[in-house]
Amino acid sequence: MKQFIYFIKKEFLHIFRDSKSLIILFGLPIIQIILFGFALTNEIKNVNFAVYDNSKSHASQRLINKINATDFFTLQEYITNPDKMEDALTSNRVKFVLVIDADFAQGMAQTEESKIQLLLDASDPNIATNIRAYINNIIADFAREEFPTSGEKELITAKMFYNPQVKSAYLFIPGLMAFILTLISAFMTSITLTREKELGNMEILLVSPLKPYQIIIGKVIPYAILSIVNIANILLLGKFVFGMPLNGSLLLLILESFLFLLNSLSLGILISSFTNSRQVAMMVALAGLLLPTMLLSGFIFPISNMPKVLQYFSQVIPATHFITILKGIMIKGIGISYLIKETTILALLTLLFIAISIKKFNVRLDK
Amino acid sequence: MSQLIKIENLIYAYGSKIAVDLPYLEVEEGDLFGLIGADGAGKTSLFRLIASLYKPKQGKITVFGQDTMKDYAKIRQFTGYMPGKFSLYEDLTIKENMNFFASVFETTVAENYSLIEEIYVMLKPFENRKAGKLSGGMKQKLALCSALIHKPKLLLLDEPTTGVDPASRQEFWEMLLKLQKRGITIIVSTPYLDEAQMCNKLALMHKSKIIAQGNTSDFITNFPKSLFHIKASKMRDLIHILRDFPHCHSAYSFGDAIHYQDKRNLTERVIQQELDAYLKKAGFSEVRIDKQIPSIEDAFIDYLHGQENDN
Amino acid sequence: MIIKVENLVKKFGNFTAVDRISFQVPRGEIFGFLGANGAGKTTAIKMLCGLSKPTSGSATIAGYDLVKEAEQVKLNIGYMSQKFSLYDDLTISENIDFYGGLYRLRGQELSKKKEAILQELGLRDQKRDLVKSLPLGWKQKLAFSVATIHEPKILFLDEPTSGVDPITRRKFWEIIIATANKGITIFITTHYLDEAEYCDRISIMVNGKIIALDSPANLKAQLNVDTTAQIFAQLTR
């Protein structure tokens with residue numbers, strides 16, 4: 001046991017002596033949260049808009065007030081001359097112009113035609129799409145309140161693309177947790193294990209009475225601990241900075257996170273078992289783990305939009321299931337009974353990786 | 001003296017390339033056994049085979065009567081191994097490295113301090129310096145200390161003095177002799193043949209085979225032909241002129257002289273006189289021809305020379 | 001004098017790796033540059049080859065100023081280290097082409113040179129073999145030929161004989177001596193002290209300074225010892 005504690009202590013010494021690994025371990029998660037949280041956000045706040053109101057009715061005024069009353073939009077100006085509409089957009093004073101037809105009030109109640117037009121500055125297509133979605137939602141809401149008899153119908157030609165809230169924190173916190181756990185557990189573990197091989201230390205460790213599993217566990221535990229610290233960090237930042245809800249059980253969340261952690265660690269060990277240099281391990285981990293986790297797990301791109309082949313492929317990426325689990329617990333607040341499938345897949349993948357690693361790990365230097 | 005390592009019909013290969021081909025070798029308890037050979041001769045592979053880090057393709061190695069294939073765990077308990085490449089942690093200090101390796105072997109530095117004391121006192125002033133910042137000689141001492149930390153009975157040292165300056169090399173061999181006196185069996189490899197003389201047993205390794213093995217003294221007493229130490233004016237031409245001598249077996253430079261062997265089994269006097277006349281006729285002056293007591297290097301050259309002419 | 005070094009200094013922060021060394025080497029000499037590890041040998045060689053800039057002092061190599069005419073210096077020197085810079089995954093022929101090209105040999109000139117090397121080493125039939133398939137001794141000879149492909153005036157050899165068997169080592173020295181006889185100056189470092197005997201003159205470096213510089217015979221006489229190993233032991237103690 002003493003042997004083991006020393007081993008772990010030694011590993012921490014390595015970590016704390018190497019400023020580069022420290023940056024990856026602690027700096028990167030924070031930088032990413034900030035990047036995803038603030039810089040890369042698609043969220044809309046305080047977007048200026050103009051109104052060209054041909055109807056000038058009570059109804060149109062109520063609609064305008066309703067839009068202006070949200071956090072998202074601020075009424076910048078009324079336009080009276082249609083020729084000035086484009087000018088408002090090109091001069092960057094506003095992001096969109098709301099055009100209301102003269103027969104707006106009647107039209108809302110009776111005709112099938114849409115009576116509202118949106119002129120959007122689409123130079124940033126993501127934001128334009130989001131604005132359209134928001135406005136559409138507000139108008140639909142408005143229509144239900146004002147004209148309950150009119151039924152559901154298209155009010156603007158646009159369609160809803162996202163869920164009504166479109167809070168990006170909801171999307172990126174679970175994805176980021178999966179990503180960071182993969183990074184620290186799998187990536188760093190594979191590198192730290194191959195480092196021993198590359199620098200020749202493994203030779204001495206193998207010749208010592210240490211059992212191979214002790215070597216592996218001793219190397220892996222420090223990264224497991226650091227990962228747990230990072231999980232806590234992300235959850236706290238998510239909750240208090242970005243207002244991420246936790247509707248389900250915290251305990252379940254933690255247990256599922258541990259399962260994923262174990263999965264990532266075993267993947268890291270697996271990579272290290274067939275690579276002998278840090279560079280190769282890094283390339284394999286980057287191309288084989290981090291990129292798929294980022295691009296194919298539903299973290300950044302929705303899986304349903306992918307070609308069929310990639311959709312199948314995404315099913316063997318552990319992060320896909322972990323993200324589904326996290327979203328389920330945090331946003332939907334569902335319990336384990338709804339997550340059996342994902343949890344089972346994750347557990348099976350973990351067992352598979354551990355089994356291969358054990359089979360591949362060598363008590364010798366050759367095969 | 002009992003047998004500590006026994007190797008029979010050993011073959012090891014990387015793919016199709018034979019790295020070690022060794023019909024028989026034994027090392028007895030208490031030996032300071034020197035494994036001599038050039039880079040790529042197969043020394044490191046042989047070390048790794050003995051340390052149970054490699055699996056023989058054929059044949060068997062027993063260490064303390066234990067098979068390196070089946071009972072590697074037992075062998076690893078009482079073997080100290082110092083790989084050719086410096087394999088301690090460069091980002092840890094001397095002290096941290098020592099404590100770590102002690103703990104790996106489930107012991108403490110204090111417990112076995114008597115064994116390493118003499119070496120460790122030289123490192124003590126730098127205890128808190130990182131291993132990566134040490135000179136070659138210091139790294140070598142640290143590596144030796146850590147290989148000794150668990151009081152091994154067998155010490156495997158793969159080229160411990162390569163790249164270390166001559167003064168530190170000398171010091172290192174003195175330490176090995178002391179360890180041998182304490183009853184530790186040592187197998188050490190080196191590319192420096194002057195060091196080989198310190199071992200009591202030697203094996204010369206060349207192109208994956210051991211071309212000669214035995215007691216160090218036997219290498220010298222069994223040297224086949226008389227050897228001459230020749231000096232003359234125009235040293236740079238001397239070697240070529242000697243090789244042109246019809247009865248020349250071999251001529252190689254040795255420091256400031258040429259070591260010469262004759263093909264014929266004549267008395268030393270006759271050869272000396274003939275050579276003297278030959279060289280003077282060829283225009284050399286200050287010719288000095290003395291009998292030379294062979295060194296291990298002479299012996300190795302003699303074996304290699306024989307091999308090259310066979311091919 | 002093909003190498004003239006005056007008060008050359010190299011400092012790394014507070015640490016003086018090379019401390020005001022001065023010496024001259026005549027054309028065609030074999031100059032042994034000895035010293036313990038960490039004495040500053042490697043740093044000094046790096047400066048003389050134009051790989052590292054001196055902190056102060058001056059040197060002319062083959063008639064060119066080390067600092068101001070570094071480009072010319074590099075064209076007139078050859079360099080070979082213990083690690084041989086050949087590419088294992090290229091063929092013998094490709095290696096020669098690459099290094100020839102590096103030193104601006106083209107077309108006819110290059111192919112003539114290549115033929116000569118292959119002829120000399122007896123590697124004609126193996127020219128399409130990968131370098132990694134060559135035994136160490138051959139690699140060493142090839143590396144030497146490649147380092148001299150541009151007919152440098154000075155050849156820097158940094159521990160060229162490390163790790164080879166005693167016959168290969170001696171044969172290599174025979175090549176070095178033959179090269180020096182052609183008028184190429186050899187500047188060499190080694191860990192085998194018996195090899196110091198083959199040098200015309202040797203310098204011994206301790207703590208960044210050259211503390212002795214003379215022919216091996218003179219140094220032995222001065223210190224009243226029999227071998228170069230003893231010279232070294234006495235001076236570096």
Side-chain angles (χ1 to χ4, degrees), chain A residues 1-25 188 191-219 221-222 273 276-278 359-367, chain B residues 12-15 19 44-45 47-57 68-69 72-93 95-109 130-132 143 146-147 149-150 152 154-156 158:
Chain A
M1 199 56 208
K2 216 178 124 227
Q3 193 182 13
F4 204 60
I5 290 168
Y6 248 102
F7 205 112
I8 292 169
K9 189 182 150 195
K10 182 217 84 170
E11 203 51 41
F12 272 115
L13 285 174
H14 285 318
I15 295 170
F16 289 119
R17 292 243 162 106
D18 181 12
S19 50
K20 273 176 257 156
S21 66
L22 271 184
I23 289 173
I24 294 185
L25 288 172
M188 295 301 283
I191 289 169
T192 185
L193 278 165
T194 41
R195 176 190 135 121
E196 299 269 343
K197 288 200 218 175
E198 192 180 328
L199 298 182
N201 309 117
M202 196 56 118
E203 238 175 299
I204 298 194
L205 296 181
L206 283 178
V207 180
S208 80
L210 274 179
K211 304 268 184 319
Y213 76 86
Q214 291 176 309
I215 299 176
I216 289 182
I217 296 176
K219 297 233 41 133
I221 280 188
S273 70
N276 285 319
S277 78
R278 276 175 288 184
K359 222 174 142 40
K360 289 276 299 183
F361 190 85
N362 222 315
V363 291
R364 300 174 205 282
L365 289 172
D366 61 354
K367 277 170 195 115
Chain B
Y12 184 74
Y14 297 108
T44 299
S45 300
F47 270 112
R48 288 178 172 169
L49 284 160
I50 297 172
S52 75
L53 286 169
Y54 279 170
K55 215 157 101 181
K57 295 280 174 284
T68 53
M69 281 309 300
Y72 61 87
K74 283 182 203 151
I75 296 172
R76 290 175 186 187
Q77 286 279 357
F78 39 66
T79 306
Y81 174 44
M82 182 171 155
K85 207 166 116 193
F86 181 71
S87 300
L88 304 185
Y89 297 99
E90 305 220 345
D91 57 343
L92 301 188
T93 66
K95 205 172 168 181
E96 286 161 353
N97 265 299
M98 288 302 292
N99 284 333
F100 172 69
F101 283 102
S103 76
V104 161
F105 286 96
E106 294 174 301
T107 178
T108 59
V109 177
K130 286 187 191 150
S146 87
I149 195 74
H150 58 299
L154 171 65
L155 199 51
L156 302 172
D158 189 6

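Below, chains carry the letters A, B, ... as their sequence lines are ordered, and counting in each starts from 1. Predicted, not measured: the structure shown is a model, and the values here were computed from it.
Counting heavy atoms from C-beta on, the side chains of I204(A) and M82(B) never come closer than 4.5 Å. Inter-residue side-chain proximity for K130(B) and R17(A) is flagged as met; some heavy-atom pair is nearer than 4.5 Å.
Of the atoms belonging to L88(B), heavy atoms from both backbone and side chain fall under 4.5 Å from chain A. With a 4.5 angstrom heavy-atom cutoff, L206(A) touches chain B via backbone and side-chain atoms both. Neither the backbone nor the side chain of I5(A) has a heavy atom closer than 4.5 Å to any heavy atom of chain B. Within the 4.5 angstrom heavy-atom criterion, only backbone atoms of T68(B) (N, CA, C, O) approach chain A.
For E203(A) against P83(B), the heavy-atom pair with the smallest separation is OE2-CB, 3.6 Å. For the pair L205(A) and F101(B), the tightest heavy-atom approach, listed with the atom from each and the gap, is CD2-CE2, 4.3 Å.
Remark: E11(A) pairs with K219(A) by the salt bridge (Lys or Arg N to Asp or Glu O under 4.0 Å) rule, at least two apart or across chains. The side chain to side chain contact (heavy atoms under 4.5 Å, CB included) search around K74(B) returns Q66(B), D71(B), not counting sequence neighbours.
For chain B, the option among K211(A), M202(A), E196(A) with the highest count of heavy-atom pairs below 4.5 Å is E196(A). Contact count versus chain B (heavy atoms, under 4.5 Å) is highest, among I215(A), L210(A), D18(A), for L210(A).
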**Message:** Does Y6(A) form a side-chain hydrogen bond (donor to acceptor under 3.5 Å, both in side chains) with E96(B)? I'd like the steps, not just the answer.
**Reply:** CA-CA 10 Å; Y6(A) 248 102; E96(B) 286 161 353; over 6 Å; no
**Request:** Output, in order, the C-alpha distance, side-chain angles, deciding distance and verdict of side chain to side chain contact (heavy atoms under 4.5 Å, CB included) for N99(B) and K10(A).
**Result:** CA-CA 9 Å; N99(B) 284 333; K10(A) 182 217 84 170; over 6 Å; no
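N201(A) contributes atom CG, which lies 8.5 Å from atom CD of E90(B) (distance to the nearest 0.5 angstrom). For the atom pair OH (Y89(B)) and CG (L13(A)), the distance works out to 11.5 Å, reported to the nearest 0.5 Å.
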